[in-house]
Every structure is written in structure tokens, then in C-alpha cells.
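Written below as C-alpha cells is the structure these notes are about.
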Amino acid sequence: MTMENTGVLVCGGGPAGMMLGLLLARAGIDVTVLEKHGDFLRDFRGDTVHPATVRLMDELRLGDGFRALPQSRLGNLSLPAPDGSLVTLGDFEALPPPYNYIAMVPQWDLLSFLAKAAEQEPGFSLRMNTEATALLRDGDKVTGVRYRTADGRTGEIRAALTVGCDGRHSTLRREARLVPREFRVPFDVWWFRLPRSEHDREVPAAVTPVARGREAMISLARDHFYQVAYFTAKGADAQLRAEGIERFRARIAGMRPDFADKVEHLASMDEVFMLDVKLNRLRRWHRDGLLLIGDAAHAMSPAGGVGINLAIQDAVAAGTILAGPLRRGSVTPADLAAVRRRRYRPTVIVQTGQRILQRVMFEKQFAGKRSGPPPALLTLTRRFPRLRMIPARFVGFGPLPEHAPVFARRTSGDA
């Protein structure tokens, strides 16, 4: 068994983990990020990079490189009305430029970009194909993790601080015996791909929502395929799979007739992947020597596409608060509690917004009681267009947007 040491050990190479690794490395701290996969190329991850994160990229002098990534821009948040039209609920274009859009960036490109930027720092190390499997302890203090590589090797890494960024099914959270409070979610999501032809690619890429009866669907246009999310009532996975691929194809074509010639490319239900949507949060985010952030601390609903951005905000707060204690060589439980104290209220506010949205829209939709937004909301947004800026601001920046710490900014050039 290999035994190693590092300053900070970040477990999970998602948006929170990669951003925290970059910030701490720029603070001159030795940081090692463990990512259990061999690359970042995984389908059906979130792609919405909100204005607060775009602004953060500029503050880190990464803006030019970020804008060069393959992406499309989403200028508004629209939902289908009962008559089949789209109603704009959030107008991002009404926000002050240049942060007046959502960037739709494949998450694997974003993570690779952050990794490349972090690798410019001498204290940064990224270990792919390496999964944290258990916590190491000295009494009540967490001192690192045991890990296993893809080829079966095992080892231990000890660190002054271990940060769990390992997602909604966090191993480190389970090991630390921290149990989140769960909130009801009325739907699950089924992800799949459909081909995008040359003719389709002549149409600008967009996020297209549709709703019908007890079903809803969103399609995201990629370079060569559509990434499609099909929503229906939670717990319906077994029924959908029992109905078979022919019935599922018919469902999709019924909602999107322009997909009728594409659904034949779905060979079986094995190509449809179910995401068990969760909405939860921890009351306590730390143990001595261990901090949890991102989905490990609070799993978000897909509503509003805020998960990536809330996780990155956690990482910025953690880097800002902990860089000083880490450089002094002493991170206390009080320091770790300060991160949770900074980010807990924004988490509660955003999750409360998601729960309200679920109650007034999705529960009615999947119960077959109403399709689309409430009539009063439709009337308000159509009569008073300026109101659309309020949800755009809330979704785009959140209740407490973070800024890059001074130590992580660059005075010139683009990293």
C-alpha cells in the first residue's frame, strides 16, 4: 500500500472540486484532486454556466479562454404554455452586459479547461482513475483517505484538510456519518441521445422545453446530437421500462413531432438513463479535518439548472475563507464551520425557490391537473415584461454571488 502526503486533498473532480483545487493552488497551497474516472467525458451532466460563474472566470483572468470553449448562449428562461407556445419567465438579456446570458458549455470541456488552468500552478496535482474509498482518522480528526485506482492498486493520502466534492452519493459523507435532510421531489429525469443532422445544425443551438399532459421534455442541442431530458412522475421508471422502447419512442415523437425520424435510433431502453432526482442538504458540513461542499453537502433539483453554479460558489467561499488558515498551517473546525455559515443561507433560499417551483408547476403537471405555468404567472409576465428580470437575476447570480479572492486573480494575461 502506497502512503503519501499533501496539503489539501480534494475528492471529486467535478465543478466544485476543480474550482477549489485551482483557487488553493493559486494561493500557494499544495493540493491534490482525486477523480475516480479516467476522463471527464460523461453524458448527461449539467451544462448551464450562469452569469455569476462567467463573471468569476473574468476575475480569474480565464474569461477569454472560457469564451473560446464550444458553447451556445441562452438569453431567456422559457417554459411551455398550455397552448403550446413558449412564455418567457426570466429575461437574462435584460441584465447588465456582458453577464446577460447563460453559457451552455459541455461540462467535460469546462472541467478540462479548469484542470489545464490549475496545472499551471506548481502545487497542483490531478490524479485520474483514483477513487477515495474511506476516511483516515486520528481519534476524531480526519487525516486523509484510502484510495483505489482503476487497476486495483490501493493507497493512503494524508492531508491537513480533506474536502469531499464527491457528489450526491458522497462516499466521504457516508464515512463521516453525516445524513442530509431529504425534501420531496415529484419527478425523475430520463436522459438519452438523438442524432442531430446537418440540416438541424443550420438552426441555432437552443434549449427547447415542451409539455403535454403528465409529461415534459427538454432538449439541448450539441454539435452532433441532441441531449434530451424526459420528465415524468417520480417512481415511474419500472413502468416506462416495462412498456418497452416502441412506446417510449411514441411518447417522444408525440411531444416533438420533429423528432419522429430520429427516435428510431433508440435501439432499446438500455439507452435511456434514469436520474433519481434528489433535493437535500446537510445541517452540518464538516468534521474536524473534513469539509463537504457542492452536491455532497446539498443536492439540487434540475429546476433552474443552478447545481453547477451553486457548487462553484461553495468552492470560491471555501477557498477564500480557508486559504489563510491553510497557509498558517492550522485549519480549525471553526474555520470549516465558517464556510457552511457563509453558504448555508444561499443554499436554503435557492432550494426553497426550487421547492416552490415544484409545487406550483411540476406537481400539477405530473398529476395531470395543469400543463405549464399557472395562469396568473402567465398573465403577469406577459403584461409586465420588466418583471422577467427578477427571476433572471435570481437564477443567474443567486442570493449571495461570490467573487474571486484577491490571491487568485492575475494582474495581466489570460491563464
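The minimum heavy-atom distance linking Thr130 with Leu34 is given by the pair O-CB, 3.6 Å. Here the closest heavy-atom approach between residue Ile312 and residue Leu56 is recorded as CG2-CD2, 3.6 Å. Residue Glu59 comes nearest to Arg409 through the heavy atom pair O-CG, 3.4 Å, listed as atom of the first residue, atom of the second, then distance. Nearest heavy-atom pair, Thr6 versus Asp30, reported as atom, atom and distance to 0.1 Å: OG1-O, 3.8 Å. Of all heavy-atom pairs spanning Leu89 and Pro391, the tightest one is O-CG, 2.8 Å. Closest heavy-atom contact between Gly305 and His50: O-NE2, 3.1 Å.
Between the side chains of Gln354 and Gln358, no donor N or O sits under 3.5 Å from an acceptor N or O. Side-chain contact, Thr154 with Arg146: no donor N or O sits under 3.5 Å from an acceptor N or O. Looking only at atom types and distance, the side chain of Trp190 has a donor-acceptor partner in the side chain of Asp237 under 3.5 Å away.
The main-chain N or O of Gly90 is never found under 3.5 Å from a side-chain atom of Thr88 such that the two would form a donor-acceptor pair. The main-chain N or O of Met389 is never found under 3.5 Å from a side-chain atom of Asp91 such that the two would form a donor-acceptor pair. Listed for the Arg196 side chain is no donor-acceptor partner under 3.5 Å among the backbone atoms of Tyr226. Formation of a donor-acceptor pair under 3.5 Å by the Asn280 side chain with backbone atoms of Pro180 is not found in this model. Checking side-chain atoms of Arg287 against main-chain N and O of Arg177 turns up a donor-acceptor pair under 3.5 Å. Distance alone, capped at 3.5 Å, places no donor-acceptor pair between the Lys36 side chain and the Gly13 backbone. Proximity of a side-chain donor or acceptor of Gln71 to a complementary backbone N or O of Val105 within less than 3.5 Å is not detected. Judged purely by atom type and a 3.5 angstrom limit, Arg256 has no side-chain atom pairing as donor or acceptor with the backbone of Asp258. Of the possible polar contacts, one joining the Thr347 side chain to the Arg343 backbone as a donor-acceptor pair under 3.5 Å is found. Listed for the Thr53 side chain is no donor-acceptor partner under 3.5 Å among the backbone atoms of Val49.
Residues Glu131 and His37 form no side-chain contact, since every pair of their non-hydrogen atoms from C-beta on lies 4.5 Å or further apart. Put simply, the side chain of Leu60 reaches to within 4.5 Å of the side chain of Arg26, judged on heavy atoms. Considering only heavy atoms from C-beta on, Pro209 stays 4.5 Å or farther from Met217 through its side chain. Side-chain atoms of Phe225 and Pro195, non-hydrogen and from C-beta on, never get closer than 4.5 Å to each other. Contact of the Glu93 side chain with the Leu95 side chain is not registered, since no non-hydrogen atoms from C-beta on lie closer than 4.5 Å. Looking at Leu279 and Glu182, their side chains never come closer than 4.5 Å, going by heavy atoms from C-beta outward. For the pair Arg251 and Glu215, the minimum side-chain heavy-atom distance is below 4.5 Å. In this structure the side chain of Thr171 reaches within 4.5 angstrom of the side chain of Arg174, judged on heavy atoms.
Relative to the six-membered ring of Phe397, Arg393 meets both conditions, a distance below 6.0 Å and an angle of at most 45° to the axis.
Atom CD1 of Ile321 and atom CG of Asp335 lie 9.0 Å apart (nearest 0.5 Å). Atom-to-atom distance recorded for Asn129:CG and Asp151:CG is 8.0 Å, nearest 0.5 angstrom. Note: Leu111 CG to Ile308 CD1 = 8.0 Å, rounded to the nearest 0.5 Å. Note: Arg388 CZ to Arg382 CZ = 9.0 Å, rounded to the nearest 0.5 Å. The CG atom of Leu24 sits 8.0 Å away from atom CG of Leu161, with the distance rounded to the nearest 0.5 Å. Leu266 contributes atom CG, which lies 8.0 Å from atom CD1 of Ile252 (distance to the nearest 0.5 angstrom).
Remark: Arg67 engages Asp58 in a salt bridge (Lys or Arg N to Asp or Glu O under 4.0 Å) (not counting sequence neighbours). When the ring pair (Phe, Tyr, Trp, His ring centres under 6.0 Å) test is applied to Tyr344, no partner is found at least two apart in sequence or on another chain.
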What do the steps show when you test Asp295 against Lys278 for salt bridge (Lys or Arg N to Asp or Glu O under 4.0 Å), and what is the final call? CA-CA 10 Å; Asp295 277 2; Lys278 291 184 176 295; over 6 Å; no
Let's go through Lys116 and Phe113 carefully: what are the C-alpha distance in whole Å and the side-chain angles of both, what is the deciding distance for side chain to side chain contact (heavy atoms under 4.5 Å, CB included) to 0.1 Å, and is it a yes or a no? CA-CA 5 Å; Lys116 183 177 179 181; Phe113 174 71; 5.8 Å; no
Begin from the C-alpha positions of Thr32 and Arg127 and carry the test side chain to side chain contact (heavy atoms under 4.5 Å, CB included) through to its verdict. CA-CA 7 Å; Thr32 300; Arg127 303 268 290 272; 3.8 Å; yes
Could you walk me through whether Phe248 and Phe192 satisfy the ring pair (Phe, Tyr, Trp, His ring centres under 6.0 Å) test, starting with their C-alpha distance in whole Å, then the side-chain angles of each, then the deciding distance to 0.1 Å, before giving a yes or no? CA-CA 11 Å; Phe248 189 74; Phe192 57 94; 5.4 Å; yes
Decide yes or no on side chain to side chain contact (heavy atoms under 4.5 Å, CB included) for Leu282 and His298, but give the supporting numbers first. CA-CA 6 Å; Leu282 291 174; His298 47 74; over 6 Å; no
What do the steps show when you test Tyr101 against Phe92 for ring pair (Phe, Tyr, Trp, His ring centres under 6.0 Å), and what is the final call? CA-CA 5 Å; Tyr101 64 93; Phe92 298 104; 9.3 Å; no
Would Arg249 and Glu264 count as a salt bridge (Lys or Arg N to Asp or Glu O under 4.0 Å) here? Give the steps. CA-CA 7 Å; Arg249 290 173 185 158; Glu264 297 301 320; 3.4 Å; yes
Audit row: Glu402, Arg55, salt bridge (Lys or Arg N to Asp or Glu O under 4.0 Å) steps and yes/no: CA-CA 10 Å; Glu402 303 288 347; Arg55 183 178 66 187; over 6 Å; no
Under the criterion side chain to side chain contact (heavy atoms under 4.5 Å, CB included), I'd like the reasoning laid out for Arg241 against Met274: C-alpha separation, chi angles, the key distance, then a yes or no. CA-CA 10 Å; Arg241 295 187 185 281; Met274 194 270 284; 4.0 Å; yes
Under the salt bridge (Lys or Arg N to Asp or Glu O under 4.0 Å) criterion, do Arg158 and Glu156 qualify, and how do the steps go? CA-CA 7 Å; Arg158 298 188 180 274; Glu156 296 180 353; 3.5 Å; yes
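For CZ of Arg281, the number of neighbouring non-hydrogen atoms (other residues, nucleotides, ligands) closer than 6.0 Å is greater than 12.
Evaluated for a side chain to side chain contact (heavy atoms under 4.5 Å, CB included) with Leu172, the options Leu178, Val145, Thr133, Val142 yield exactly one hit, Val145.
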